[in-house]
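Before any comments, here is the structure.
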Amino acid sequence: MTDIRFDPSQADGRWQRAWDEARCFEADSNSDKPKSYVLEMFPYPSGRIHIGHVRNYTMGDVLARYKRMTGHEVLHPMGWDAFGMPAENAAMEKGVHPAGWTYENIATMKAQLQRLGFALDWSREFATCDPEYYGHEQALFIDLYEAGLVYRRKSAVNWDPVDQTVLANEQVIDGRGWRSGAVVEKRQLDQWFLKITAFAEDLLAGLGSLDDWPEKVRLMQENWIGKSQGLQFRFDLSNGETIEVYTTRPDTIFGASFVAVAPDHPIAQQVAMGNCDAAKFIEQCKRGGTTAAELETAEKLGFDTGIGARHPFTGEYLPVYIANFVLMEYGTGAIMAVPGHDQRDFDFATKYGLPIVRVVAASAEAADAPLTEAEAGDGVLVNSGFLDGMNVADAKRAVIDRAQSEGWGEGKTVWRLRDWGISRQRYWGTPIPFIHCEACGVVPVPKDQLPVTLPEDVDFKTPGNPLVRHPTWKHVDCPKCGAAATRETDTLDTFVNSSWYFLRFASQPADQPFDAAEVAKWMPVDQYIGGIEHAILHLLYARFWTRALAHIGKLDVKEPFASLFTQGMVTHETYRAGDGSWLSPGEVRKNGEDWIRISDGQPVTAGRVEKMSKSKKNVVDPDEIIARYGADAVRWFMLSDSPPERDLPWSEAGIEGCGRFVQRLWRLVQQYDANATGEDKALARKTHQAVAAVADHIEALAFNKAVAKIYELTSAAEKAAPSADRSRAIRTVLLLASPMMPHLAEEGWRALGESGLVANAGWPEVDPALLVEDEVTIAVQVKGKLRDTLTVAKGLPQPELEALALASEKVQRAIDGAPVRKVIVVPDRLVNIVA
RNA sequence: GCGGGUGUGGCGGAAUGGUAGACGCCGGGGACUUAAAAUCCCCUGAGCUUUGCUCGUGCCGGUUCGAGUCCGGCCACCCGCACCA
């Protein structure tokens, strides 16, 4: 009672140690409580924790702590997605070893997370670069290989000739390597692939069962998988050959007025050999930009090959063009073009004066209505021979049936999804556990020789993959025939590491990747929380791995994440000096209505509220704010105000307000009197209502609303006179706030005379009888406009309510003598008088 | 272009078709203090002829006794994908 301020600088660490010593948050796989697996996307150890991590992990933490309080056995683990390019970049730039750099970052970031007091099971921590982890990954990879889900083929890669390395598409900027600036070459290399397309149908269908995923993410995945159904068929060409095209609109076949092939289509290449204009045109197409803006404005261009394609129904010959808008990677790289019903074909036909024929119309009478643009909608087939009069769906089926019975085409499903290329010509990744033998070919490393570990004595001074030029590492004997052989020097895409880590968190036997029975107890993850940037790749790959492992009998779940939540970013206002340079929040201050630079008083322009980024200097450092306000205030801020799926604007005033509330709650706890007597029925009601509301809000992840309810109960308890109910209210508010402000809650729990940890306390019970009010405020409207309010006993019968409302002076004035035509009474809510 | 989302005070945001603006921030006034910090109390959508009235949830219309909420049509901004046949 003497020290009225709560001091996080000494309390935070003390309670963090107490939880540690009590091993509060270690999950027990043998518990018979209902399980709850709460998982946030594990971080890449880039160096320091970002404020976005703080928000992400705070949300998960509140849920995890709440679930513990409501009697669940909670698995809430943390680890490190530790392989990746930044470690190699650091090695090249600073001469440090990727492993050393990574593990140092992990130590730093772990300490940062611990300062926030997260209820994490650190006993299960691992980094994906630990040989124990990636060794198991290698074993799983071999299992998938043996099940036929892994294969090798030649594939084009972006090759940086200076850095001697393969670049991801994002690392190629304007055709040049992002680091070296060298012009990137396309090279054909033997690459490893995972057969994700074998699960395309299932991955698509599975989306339907993910009711607790954001609609947006499901749609993004659906588009990515990109299923389309149509007809693949052959045109006989005037030069005696045939060409395969694919269409999703076989119904419009009578409207086809030309055929178009991609510039890299074999036919285009063949034409180019004998025709230098064609060759020039193809060159020109390749020079075209690939950025979104360029594509949008790109003009449709074509080159008439002079070849004709015989229409399977009319026998007419259609011209074959090479066209810049046709993609080799999709379908067959060739299309039948129907200008009347496809906008791209329409634009092209208009430019080159090709026929535009209507074959779908609103009605048979509108068969010759002019087309001013392509019409893609449904309707009745016209100008289409035997299809006339059919609707689009029937016509599609009819054409496919004819093509199949006559043998010139077949119904086909085409996917946008490609197999997953997982070869990376890099050092800092999971070595692909295979050996190349001249006699035996590709041979998996025997499992008893796993893990294939990375050599430590590597240098990054010379460009290229250190695994390739290491003097000894790759030289091994073939496990099959014993002859001299070489190891695969590619490593696995880092997305593989994050495709099964949640299984390893659930079960960590030494001799296998996971124990199926133990995993079955924890999976699926009940709540997964992370950024929207992983909406497609990570989540799709994890869904694929789970299916693939189920396919080979290692698992019994298909969908790894039952419920997904994507949180918004933390944003901050930006500041610029007169010369346009960015200024950090610490360099500026508000001067009346304006902003000025602290150092010289010069005016500063306050700009948009944007995602925090180092380049714009609008960042805040979690360590600094924790040191200044304590972990609880920071956590509270992360949950307040903005709904969790939306962006959260960071503000100095906001965090100060949170700091004030921490102290306010602390002062309230000091007023707790275990011996207080007497009732306060109204406060008791508010208390119980708050317990129910906060629980509902946390379960819905509506943390901002939960926070508002805690504020309300706090205010009510502050204002109340001492009573037994007030003491209960104070105790309750502390429990409700404990998932959000665990340190203050522990300190307060002691102040209340409790000896255990609030981390082990139960969620307060709710008395349903106290959830309902005995008095209600009734709105009294006249013609829908509020004129008065009445406070009456709950459940007052309609006639009495009506009489009370009509007796109101304000109501009578509003009616002004007009006859009452109708009275609408909503019990316990309102009376509306229509006069 | 396609798909999705969002529009409510000075700001972040609440609101099962039923009292719009909960809660927080900012701001204003007051109390305490020699003073400040801290804390506490009050006010705080706009306007007006201020016991009260009118207007007000991006815009236009509709349904309804009653619309921020439902329906139709627009507008703006944000995000994702993008020449996918």
Side-chain angles (χ1 to χ4, degrees), chain A residues 4-5 214-220 222-224 226-228 230-231 245-250 252 260 262 288 291-292 294-296 298-300 323-327 329-338 341-345 347-348 376 414-416 532-533 535-536 571 590 593 609 636-637 640-643 645-658 660-661 663-664 667 702 704-712 714-715 718-719 777-790 809-810 813-814 821-826 828-835:
Chain A
I4 204 76
R5 283 191 72 79
E215 180 68 17
K216 181 190 172 85
V217 175
R218 290 192 309 202
L219 273 163
M220 284 165 78
E222 188 180 323
N223 291 337
W224 187 262
K227 180 181 186 177
S228 70
L231 171 70
V245 302
Y246 176 74
T247 178
T248 55
R249 294 294 304 274
T252 62
T291 67
E294 283 170 314
L295 281 176
E296 196 172 347
E299 197 182 355
K300 304 272 178 290
N324 65 345
F325 69 93
V326 180
L327 304 174
E329 307 82 56
Y330 188 78
T332 62
I335 60 166
M336 73 162 192
V338 183
H341 304 280
D342 181 290
Q343 192 58 42
R344 293 156 300 173
D345 300 349
D347 295 343
F348 191 92
V414 167
W415 303 87
R416 211 192 79 107
I532 187 71
E533 66 274 16
I536 298 175
T571 58
K590 200 153 193 187
E593 283 297 287
V609 174
W636 190 252
F637 183 89
S640 304
D641 296 349
S642 287
E645 68 278 10
R646 282 204 221 163
D647 289 350
L648 171 67
W650 174 266
S651 80
E652 205 58 40
I655 182 69
E656 276 168 18
C658 293
R660 275 200 298 275
F661 181 68
Q663 298 302 336
R664 198 175 139 199
R667 282 193 302 275
N704 56 323
K705 296 185 211 169
V707 161
K709 284 288 165 195
I710 292 172
Y711 272 116
E712 279 182 48
T714 303
S715 293
E718 281 171 343
K719 290 187 177 78
T777 307
I778 305 280
V780 182
Q781 300 179 334
V782 176
K783 288 194 278 190
K785 279 190 192 299
L786 182 73
R787 293 299 166 184
D788 202 358
T789 57
L790 301 170
E809 201 182 309
K810 291 170 183 170
R813 207 178 322 135
R821 285 188 289 146
K822 196 173 173 187
V823 180
I824 287 119
V825 180
V826 182
D828 296 335
R829 288 223 77 126
L830 70 72
V831 180
N832 188 12
I833 294 158
V834 187

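Computed over heavy atoms, backbone and side chain alike; hydrogens, waters and symmetry mates excluded.
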Take A:K719 and A:G331, find for each the nucleotide of RNA chain B with the closest heavy atom, and name the residue whose nucleotide sits nearer the 5' end. A:K719
I'd like the [atom1] distance from [M] over to [N], given in whole Å.
N     : M     : atom1 : result
B:U57 : B:U8  : P     : 11 Å
B:A67 : B:G18 : P     : 11 Å
B:C81 : B:U16 : C1'   : 36 Å
B:U69 : B:U19 : C1'   : 15 Å
B:A14 : B:G61 : C1'   : 28 Å
B:C75 : B:G58 : C1'   : 7 Å
B:G47 : B:C60 : C1'   : 24 Å
B:G24 : B:A36 : C1'   : 26 Å

How close or far is atom [atom2] of [N] from atom [atom1] of [X], stated in whole angstroms?
X      : N     : atom1 : atom2 : answer
A:R344 : B:G1  : CZ    : P     : 15 Å
A:E809 : B:C53 : CD    : C1'   : 16 Å
A:L648 : B:C25 : CG    : P     : 15 Å
A:K785 : B:G56 : NZ    : C1'   : 10 Å
A:M220 : B:C79 : CE    : C1'   : 8 Å
A:K300 : B:C83 : NZ    : P     : 10 Å
A:E718 : B:C40 : CD    : C1'   : 10 Å
A:R646 : B:G12 : CZ    : C1'   : 9 Å

Tabulated below should be each protein N or O lying under 3.5 Å from an N or O of nucleotides 2-4 of chain B; please produce it.
none

Give a yes or no on whether the backbone of A:V782 and the side-chain of A:R787 come within a donor-acceptor separation of less than 3.5 Å. no
Do the side chain of A:T248 and the main chain of A:S228 share a donor and acceptor less than 3.5 angstrom apart? no
Step by step, would you call A:V414 with A:Y246 a side-chain contact (heavy atoms from CB on, under 4.5 Å)? CA-CA 9 Å; A:V414 167; A:Y246 176 74; 3.4 Å; yes
Judged by whether its glycosidic angle lies within 90° of 0, B:G9 is syn
Kindly determine whether A:W650 and A:I655 satisfy side-chain contact (heavy atoms from CB on, under 4.5 Å), including the steps that lead there. CA-CA 8 Å; A:W650 174 266; A:I655 182 69; 3.9 Å; yes
Using a cut-off of strictly less than 4.0 Å, decide whether [X] has a side-chain nitrogen or oxygen near OP1 or OP2 of [N].
X      : N     : value
A:S651 : B:C11 : no
A:Y246 : B:A85 : no
A:K822 : B:C65 : yes

Separation between CZ (A:R829) and CD1 (A:I824), nearest 0.5 Å, reads 15.5 Å
Between the protein and nucleotides 16-24 of chain B, are there any N/O to N/O pairs under 3.5 Å, and if so, what are the atom names and distances?
from	atom 1	to	atom 2	distance (Å)
B:U16	O4	A:R829	NH1	3.1
B:G18	O2'	A:R829	NE	3.1
B:G18	N2	A:Q781	OE1	3.3
B:G18	N2	A:N832	ND2	3.4
B:A22	O2'	A:E712	OE2	3.0

Take A:V780 and A:L786 through the side-chain contact (heavy atoms from CB on, under 4.5 Å) test and state the conclusion after the steps. CA-CA 6 Å; A:V780 182; A:L786 182 73; 5.8 Å; no
Nucleotide nearest [X] (side chain, heavy atoms from C-beta), chosen from [options]:
X      : options             : answer
A:R416 : B:C81, B:C83, B:G7  : B:C81
A:T248 : B:A85, B:G52, B:G12 : B:A85
A:R667 : B:G12, B:C84, B:U39 : B:U39

Ring-face cation contact, A:F325 with A:K300, 6.0 Å cut, 45° max: yes
Give one of base, sugar-phosphate or nothing for A:R787, where a contact means two heavy atoms less than 4.0 Å apart. sugar-phosphate
Treating a pair as Watson-Crick (purine N1 to pyrimidine N3 plus N6-O4 or O6-N4) or G-U wobble (N1-O2 and O6-N3) with both distances under 3.5 Å, list the stems of 3 or more consecutive pairs that involve RNA chain B. B:1-7 with B:75-81, B:10-12 with B:23-25, B:27-31 with B:39-43, B:45-48 with B:52-55, B:58-62 with B:70-74
No-hydrogen, no-angle side-chain donor-acceptor test under 3.5 Å, A:Y711 and A:S640: no
Would you please say whether a donor-acceptor pair under 3.5 Å links the side chains of A:S715 and A:R664? yes
Between A:T247, A:D345, A:D342, A:L327, which is the residue that forms a side chain to side chain contact (heavy atoms under 4.5 Å, CB included) with A:I335? A:D345
I need the minimum non-hydrogen distance between A:L830 and A:I778, along with the two atoms involved. CA-CG2, 3.6 Å
